[in-house]
Amino acid sequence: QVQLVESGGGLVQPGGSLRLSCVASGISFRIYVMGWYRQAPGKQRELVASITSGGSTTYVESVKGRFTISRDNAKNTVYLQMNSLNPEDTATYYCNAARISNYWGQGTQVTVSS
């Protein structure tokens, strides 16, 4: 059974930082493209960042220079370091594993507010 379990969300003030983690089980983690998506109320889910098995990364324009995606294949874990957070980053963040099949975590809430 495939499981993606996110953690690290919470409430943070504007300008603050959070680090999201996603632990995967039931898949050959190292061969999957791992991604972080987010969905704000009333908006479509969007890809925030992704990292390939080889370590190549992509970011949505709005988070470039502020967010960093990384992976630890030994721990079956993908991370999203989020710095300089602003209220527009408020959303539920989802971990995704993609190859031939596509798997999702349950999501973790990130709220940026003073």
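All figures in this text were calculated on a predicted structure; none of them were measured in a lab.
- Distance check: Leu80 CG to Thr108 OG1 gives 11.0 Å after rounding to the nearest 0.5 Å.
- For the atom pair Gln81 CD and Leu20 CG, the distance stands at 9.0 Å (nearest 0.5 Å).
- Considering only heavy atoms from C-beta on, Val110 comes within 4.5 Å of Met82 through its side chain.
- Using cut-offs of 30° and 60° for the angle between ring planes, the Tyr103 and Tyr32 rings count as tilted.
- Placement of Trp104 and Val48 in two distinct hydrophobic clusters is found when ILVMFWY residues are connected by side-chain heavy-atom separations under 4.5 Å, directly or transitively.
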From CA spacing to verdict: side-chain contact (heavy atoms from CB on, under 4.5 Å), Ser17, Val12: CA-CA 7 Å; Ser17 298; Val12 64; over 6 Å; no

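- Of the possible donor and acceptor atoms, none in the side chain of Arg71 sits under 3.5 Å from a partner among the backbone N and O of Val33.
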side-chain contact (heavy atoms from CB on, under 4.5 Å) between Val60 and Leu47, worked out: CA-CA 7 Å; Val60 68; Leu47 174 64; over 6 Å; no

side-chain contact (heavy atoms from CB on, under 4.5 Å) between Asp72 and Tyr79, intermediate numbers included: CA-CA 8 Å; Asp72 184 337; Tyr79 304 97; 4.1 Å; yes

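- Hydrophobic clustering places Val2 together with Val78 (ILVMFWY residues linked when any side-chain heavy atoms are closer than 4.5 Å, directly or through intermediates).
- Atoms SG and CD, on Cys22 and Glu6 in that order, are 5.0 Å from each other to the nearest 0.5 Å.
- In this structure a side-chain-to-backbone donor-acceptor pair under 3.5 Å is missing from Gln13 to Ser114.
- Atoms CZ and CZ, from Arg38 and Phe67 in turn, are 5.5 Å apart once rounded to the nearest 0.5 Å.
- Minimum heavy-atom separation, Ser21 to Thr77: CB-CG2, 4.4 Å.
- The NZ atom of Lys64 sits 8.5 Å away from atom OG1 of Thr58, with the distance rounded to the nearest 0.5 Å.
- When hydrophobic clusters are built by joining Ile, Leu, Val, Met, Phe, Trp and Tyr residues whose side-chain heavy atoms come closer than 4.5 Å, directly or via intermediates, Phe29 is grouped together with Ile69.
- A cation-pi geometry, defined here as NZ or CZ lying under 6.0 Å from the six-membered ring centre and within 45° of its normal, does not hold between Arg66 and Tyr59.
- A continuous path of ILVMFWY side-chain contacts below 4.5 Å connects Ile31 to Met34, so both sit in one hydrophobic cluster.
- In plain terms, the two heavy atoms of Ala40 and Ala91 that are nearest each other are N-CB, 3.9 Å.
- In terms of heavy atoms, Leu85 sits closest to Leu18 at CD1-N, 3.8 Å.
- A distance of 13.0 Å separates CH2 of Trp36 from OG of Ser50, quoted to the nearest 0.5 Å.
- Tyr93 and Val112 fall within a single hydrophobic cluster, where Ile, Leu, Val, Met, Phe, Trp and Tyr are joined by side-chain heavy atoms under 4.5 Å apart, directly or via other members.
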